[in-house]
Amino acid sequence: MALLRAEPVSILAAGVVTPIGTDLDAFWSGLIGGADGISTIERFRVDDLRVGRGGEIKKLRAPRAVEAPRCRATALLLAAADDLLGRARLAADPARVAVVVGTALGGVEELERAVESDRGPRAAAGALYDSPAYALAARLSARGPVLTVSTACASGATAMGLGADLLRDDRADLVVAGGYDVLCRFVMRGFDALRSLTRERVRPFDRRRTGLLLGEAAGLVLLARDRETRGRRLGRLLGHASTSDGSHIAAPDPHGRGLDLAIREALAEADVSAADVDFVSAHGTATPLNDRIETTVLKRVLGERAHAIPVNSIKGAFGHTMGAAATLEAIMCLLASREGLLPPTAGYEEPDPECDLDYVRDAGRAQRTRVSLSTSLGFGGCNAALVLEGVG
Amino acid sequence: MAQVAALGVLTGWGESTGALPADAALAAGERRVVALARPALDGARFRRATRECLLGVAAVEAMLRDGGLGREDIRGERTALVYVTAAAYGASNLAFIEAASGQGTLHFPYTAPSAVPAEVAIEFGLTGGYVILIGAAPATLDGLWQAATLLARGRCDRALVLAVETFEECADLYARGRWLSRGPLVEAAACALLVPGGVTVTETEPQDGDLATLARQRAGETLACEPLVALALARDGGRAPAWLTGQWRGRRVGLQLSVLEQAASA
């Protein structure tokens with residue numbers, strides 16, 4: 001059966017909280033201004049780990065209208081929601097407002113707390129990964145579908161894709177979609193044990209890259225059916241695909257076959273070709289393997305044009321924010337279109353012969369872009385691709 | 001349009017709906033958790049795999065047996081995999097938290113919910129669409145809907161909806177949060193194969209006196225597995241289409257789906 005083109009979905013507004021800025025404007029200024037969101041982690045013990053740095057949000061503002069939650073994951077989501085609600089109204093029947101959020105870790109920090117203490121049922125319930133999504137739905141008074149997606153570090157992209165499907169299938173009139181994850185001891189211990197964390201600077205696609213650093217963030221977008229959208233929008237989601245490698249529990253498929261399929265299907269759903277793509281926001285974790293495979297796949301799928309398309313990764317600026325990463329990168333693509341400016345790949349200095357695309361570097365680049373491709377990968381052989389259209 | 005072509009159901013009571021007691025609460029007695037044993041699967045590849053990963057593999061094998069299918073019938077990029085769980089990552093998360101740093105630590109990637117579908121995808125060569133949802137019965141109904149959407153859009157030729165729930169390792173924790181479930185907690189792993197055809201998968205008003213109630217009465221609290229147990233019971237009862245209902249954290253969802261009758265009872 002031929003792949004069907006999907007109806008575009010409007011992205012009306014966005015809200016974020018990140019280590020380089022705790023609202024959308026500060027986030028964009030930080031990306032363009034070269035802000036460094038990496039610091040020594042202070043919120044929990046790291047003295048026994050090889051690497052104790054990451055993109056930690058030092059000062060998280062209290063949520064509006066509700067009591068500050070104990071769960072940091074929920075607090076991040078509510079902070080991003082406050083930013084979003086400051087930019088757009090949820091003008092729909094609450095029963096027709098859906099919430100779809102992606103996360104790699106959910107409220108796992110609450111499990112650590114629940115194990116350490118005997119705080120009763122709330123601790124246990126908070127440890128379930130879908131708990132923050134329901135807290136967000138309550139904050140938004142949303143009574144439509146509430147979905148938690150966990151395709152690891154591709155979660156934020158899959159969540160946006162599923163959110164778009166809810167609109168296309170008329171299961172909701174508005175969808176708040178996005179992703180989040182926190183820096184906690186659990187995840188720092190895990191990545192530290194895997195030796196994935198670098199002691200140096202994060203350098204996506206650079207010859208000297210030695211690994212990633214983690215970060216915490218939340219990013220949300222407000223989605224609506226494009227044909228019903230009046231007035232301003234941030235952009236449109238044209239296509240999405242999430243695919244499985246079926247190859248390895250933690251490493252990407254060595255040939256990038258799953259990512260390849262995700263990109264091709266997302267482009268087909270968007271009804272655009274490689275010739276239409278103006279910009280690529282790469283997953284670009286700065287691990288030797290990821291960046292090499294991703295470069296290979298982009299060249300294979302985009303063909304000759306791959307070398308003419310600017311590519312960036314924003315993970316050098318504030319770390320890999322896991323479940324939030326893909327949503328933040330999608331938002332970055334739309335802001336780049338609006339502003340006619342591509343944020344640089346922080347940390348990229350020395351070209352790698354194996355990573356030979358046109359990576360945006362130094363202070364960024366003034367360039368008009370309309371169609372962007374955003375790619376994501378995660379543990380468990382998860383891949384996702386989004387095709388976005390800006391309104392520059 | 002989508003329909004269920006094959007179903008595999010494993011619960012703490014045994015394989016298939018035939019193993020379910022008439023009244024799970026009565027059969028469980030004083031037990032808070034009715035556990036499923038770790039499946040004995042061969043292969044060095046499984047040496048690090050968690051119990052829930054192996055249960056996922058076993059559920060897909062049960063589905064293949066039910067449908068009279070071979071592994072080659074589902075291999076490749078035209079098969080989508082939708083995985084749902086409310087709690088099956090709890091055991092690995094807890095093990096990782098409790099492990100002494102660096103000593104016998106569970107391999108970290110197995111703490112992710114994506115570990116279960118990853119092992120399933122690797123084992124059966126599934127390289128198509130991929131969705132992982134967290135939540136109980138409503139999330140599985142969302143998963144069935146998403147599988148139907150992928151089929152309708154031509155994104156796949158068939159879709160597996162797999163759910164796994166394990167509770168034993170975190171039984172004390174769940175006892176604290178017992179308001180989330182009505183118990184007894186019954187471990188389960190279930191897989192449905194969806195193919196094009198049948199009725200349009202539609203969201204409906206939740207039905208009273210429905211299959212979910214029957215599934216809970218017969219199987220106990222199986223969270224994300226409940227709609228798949230309900231589908232198997234619907235097939236046993238010759239109900240087509242099946243009207244499924246799921247409830248969790250105050251959200252109540254209904255869905256209509258066809259179940260093919262020609263497959264043998266799971």
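Computed from a predicted model, the values in this text were never measured in an experiment. Each chain gets a letter, A, B and so on, in the order the sequences are listed, and its residues count up from 1.
- Between the side chain of S244(A) and the backbone N or O of L126(B), at least one donor-acceptor pair lies under 3.5 Å.
- Per-residue counts of heavy-atom pairs under 4.5 Å with chain B were compared for Y134(A), Y129(A), F379(A), F191(A); the largest is that of Y129(A).
- With a 4.5 angstrom heavy-atom cutoff, A241(A) touches chain B via backbone and side-chain atoms both.
- F108(B) places a side-chain heavy atom less than 4.5 Å from the side chain of V187(A).
- Counting heavy atoms from C-beta on, the side chains of I134(B) and V149(A) never come closer than 4.5 Å.
- Considering all non-hydrogen atoms of both residues, R155(B) and H240(A) come closest at NH2-O, 2.8 Å.
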Q) Stepwise, does the side chain to side chain donor-acceptor pair (under 3.5 Å) test hold for W145(B) with D165(A)? A) CA-CA 10 Å; W145(B) 162 78; D165(A) 283 347; over 6 Å; no
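- Proximity to chain B (any heavy atom under 4.5 Å) is restricted, for D245(A), to the backbone atoms N, CA, C and O.
- You'll find the side chain of L133(B) stays beyond 4.5 Å of the side chain of T148(A), heavy atoms only.
- The shortest distance between side-chain heavy atoms of D130(A) and R249(B) falls below 4.5 Å.
- Ranked by heavy-atom pairs under 4.5 Å with chain B, the first of A133(A), S247(A), A104(A) is S247(A).
- Atom CG of N93(B) sits about 9.0 Å away from atom CD of E112(A), to the nearest 0.5 Å.
- Counting heavy-atom pairs closer than 4.5 Å to chain B, the top-ranked of the candidates G161(A), G102(A), G144(A), G190(A) is G190(A).
- Of the two parts of L150(B), neither the backbone nor the side chain holds a non-hydrogen atom closer than 4.5 Å to a non-hydrogen atom of chain A.
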Q: Take R171(A) and D142(B), measure what salt bridge (Lys or Arg N to Asp or Glu O under 4.0 Å) needs, and give me the verdict at the end.
A: CA-CA 11 Å; R171(A) 293 187 67 202; D142(B) 291 328; 2.9 Å; yes
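- Judged by the 6.0 Å and 45° rule, R189(A) forms a cation-pi pair with F96(B).
- Of the listed residues (G128(B), A121(B), A112(B)), the one with the most heavy-atom contacts under 4.5 Å to chain A is G128(B).
- We find the CG-OG1 distance between L162(A) and T149(B) to be 8.5 Å, quoted to the nearest 0.5 Å.
- For chain B, the option among G381(A), A152(A), C382(A), A154(A) with the highest count of heavy-atom pairs below 4.5 Å is C382(A).
- Using a 4.5 Å cut-off between heavy atoms, Y89(B) contacts chain A through its side chain alone, with no backbone atom that close.
- Of the listed residues I122(B), L94(B), V131(B), the one with more heavy-atom pairs under 4.5 angstrom with chain A than any other is I122(B).
- Both the backbone and the side chain of S131(A) come within contact range of chain B, each with at least one heavy atom under 4.5 Å from a heavy atom of that chain.
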Q: Take L111(A) and I97(B) through the test side chain to side chain contact (heavy atoms under 4.5 Å, CB included) and record every step on the way to the result.
A: CA-CA 9 Å; L111(A) 181 64; I97(B) 289 168; 3.7 Å; yes
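- Residues L194(A) and P109(B) meet the side-chain proximity criterion, which asks for heavy atoms closer than 4.5 Å.
- If you take CZ on R257(A) and OG1 on T127(B), they are separated by 8.0 Å, rounding to the nearest 0.5 Å.
- Across S114(B) and S150(A), no two heavy atoms sit closer than the pair CB-O, 4.2 Å.
- Here L166(A) is the residue among D170(A), D192(A), T103(A), L166(A) with the most heavy-atom pairs under 4.5 Å with chain B.
- Proximity to chain B involves both the backbone and the side chain of I249(A), based on heavy atoms less than 4.5 angstrom apart.
- E77(B) contributes atom CD, which lies 8.5 Å from atom CG of D260(A) (distance to the nearest 0.5 angstrom).
- The heavy-atom pair separating A114(A) from L173(B) by the smallest distance is CB-CD1, 3.7 Å.
- When every heavy atom of Y130(B) is checked against every heavy atom of G380(A), the shortest pair comes out as OH-O, 2.9 Å.
- Interface residue T151(A): backbone and side-chain heavy atoms are both found under 4.5 Å from chain B.
- Chain A forms more heavy-atom pairs under 4.5 Å with one residue of A136(B), P113(B), A139(B) than with any other, namely P113(B).
- When the candidates S242(A), A6(A), G258(A) are compared by the number of heavy-atom contacts under 4.5 Å with chain B, S242(A) comes out ahead.
- Taking OG1 of T111(B) as the start and CZ of F186(A) as the end, the distance is 4.0 Å to the nearest 0.5 Å.
- Remark: D169(A) CG to R153(B) CZ distance equals 5.5 Å, nearest 0.5 Å.
- Both the backbone and the side chain of A115(B) come within contact range of chain A, each with at least one heavy atom under 4.5 Å from a heavy atom of that chain.
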